[in-house]
Amino acid sequence: PVVSDLDMLAMVLGCRLAENIFPEPLKTKIKEATAQQLTTNANELLDSAYLESLMVCSRMTVNVSPEIFATVFDAWKSNEALDIEYTNAAGEHSARRIDPHIIAFYDGAWFIKAYCHLKRKVWIFSLHRISSASGTGKFFEPDRHIIEETRAEGLFEFTKIKDIILRCDNRIAAYARDYMFHPGQKVLERDDGTFDLVIPHASKDDIIRWIMWQAGQVEVVRPKTLRSLIAGFAHKIIQRNDGNR
């Protein structure tokens with residue numbers, strides 16, 4: 001069927017995203033479906049030059065088995081329980097039965113948030129750590145609470161640090177203003193040219209990584225616990241990279 005220019009643009013955007021973050025076989029299926037639409041719907045805007053200049057810079061950073069991804073994806077679509085073989089980050093292997101409520105792409109990898117019958121609680125599994133997966137023929141009802149809580153709080157329950165004030169050098173002003181830790185964060189200018197980034201709360205891991213990335217151009221004003229953590233990491237870096245050793 002003939003589709004509108006806006007519909008075609010949406011398809012092409014989805015295809016470009018799929019090429020970067022979806023593993024096979026879903027990637028190829030989406031590309032083939034988009035190509036079919038392009039051949040049957042003439043569109044001057046979406047010519048070859050335009051498509052080549054449309055880029056998505058996010059990408060997968062781990063390898064996921066196409067067979068396992070297809071099995072998990074189909075189970076998520078049909079609300080079917082899965083039997084999986086899983087190896088966690090510590091190298092511990094286990095057999096699990098899970099109900100996959102959410103499938104998510106986060107920080108270069110695919111995850112499922114599922115009810116784990118072994119642990120009897122909601123658990124997050126990395127798809128690249130699943131060595132086998134098979135449907136059980138048993139189905140579950142999607143839990144709206146899990147979905148809504150994840151939309152509100154994020155996929156992972158990171159430890160949060162509250163009432164943060166970071167004093168930043170003017171050289172990183174533009175970058176610091178653009179980086180959003182919390183929708184309620186504020187930028188307070190100071191007379192000496194520096195500025196304070198006031199953040200109601202942020203993920204402990206995210207805020208530490210960001211401060212360390214700034215290579216000494218950020219001072220933690222508060223809380224003291226965060227200041228001590230940064231000082232400890234800086235001391236460890238100095239010890240390991242001392243030019244006199």
Which side-chain N or O atoms in residues 218-229 pair as donor and acceptor under 3.5 Å with protein atoms at least two apart or in another chain?
from, atom 1, to, atom 2, distance (Å)
E219, OE2, R227, NH1, 3.3
R222, NE, D163, O, 3.3
R227, NH1, V220, O, 2.5
S228, OG, K224, O, 3.0

Pairwise side-chain contact, [X] with [Y], heavy-atom cut-off 4.5 Å (strictly under):
{"X": "P66", "Y": "P25", "value": "yes"}
{"X": "I237", "Y": "M212", "value": "yes"}
{"X": "D99", "Y": "H101", "value": "yes"}
{"X": "T150", "Y": "K113", "value": "yes"}
{"X": "F125", "Y": "C116", "value": "yes"}
{"X": "R209", "Y": "D206", "value": "yes"}
{"X": "F105", "Y": "F111", "value": "no"}

On a heavy-atom basis, which atom in [X] and which in [Y] lie closest, and how many Å separate them?
{"X": "Y86", "Y": "S126", "result": "OH-N, 3.0 Å"}
{"X": "A95", "Y": "L118", "result": "O-CD2, 3.9 Å"}
{"X": "K27", "Y": "A18", "result": "CG-O, 3.8 Å"}

**Q.** Cluster overlap Y179 with I161, hydrophobic side-chain contacts below 4.5 Å
**A.**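 Yes; tracing contacts between hydrophobic side chains, which count when under 4.5 Å, links both residues.
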Q) Is there a path of hydrophobic side-chain contacts, each under 4.5 Å between heavy atoms of I, L, V, M, F, W or Y residues, that connects I211 with V187? A)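 Yes.
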(Q) With a 6.0 Å cut-off (strictly less than), is the heavy-atom count around NE2 of H93, excluding the residue itself, greater than 12? (A)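 More than 12 heavy atoms, drawn from other residues, nucleotides or ligands, come within 6.0 Å of this atom.
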(Q) Looking at D192, I'd like to know if its CG atom is crowded, meaning that more than 12 non-hydrogen atoms belonging to other residues, nucleotides or ligands lie closer than 6.0 Å. (A)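 It does: D192 CG has more than 12 such atoms within range.
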**Q.** Gap separating the OG1 atom of T194 from the CG atom of L166, nearest 0.5 angstrom
**A.**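 One finds 12.0 Å between OG1 of T194 and CG of L166.
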Q: First locate atom OG1 of T159, then atom CD1 of I207, and finally report the distance between them rounded to the nearest 0.5 Å.
A: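 Interatomic distance, T159 OG1 to I207 CD1, rounded to 0.5 Å: 14.0 Å.
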Q.
Less than 6.0 angstrom separating the ring centers of F22 and W110, yes or no?
A.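 Yes, they do, as the ring centres are separated by less than 6.0 Å.
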**Q.** Ring centroid separation F233 to H235 under 6.0 Å
**A.**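 No, too far apart.
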Q. After noting the C-alpha distance and the side-chain angles of H201 and I164, does the key distance pass the side chain to side chain contact (heavy atoms under 4.5 Å, CB included) rule?
A. CA-CA 7 Å; H201 65 76; I164 301 167; 5.9 Å; no
Throw together a table of side-chain donor-acceptor distances under 3.5 angstrom for residues 68-76, partners on residues two or more places apart or in other chains.
from, atom 1, to, atom 2, distance (Å)
T71, OG1, E67, O, 3.0

Kindly list each side-chain donor-acceptor pair under 3.5 angstrom involving residues 128-140, sequence neighbours excluded, with atom names and distances?
from, atom 1, to, atom 2, distance (Å)
S131, OG, E85, O, 3.3
T136, OG1, A81, O, 2.9
T136, OG1, K138, N, 3.2

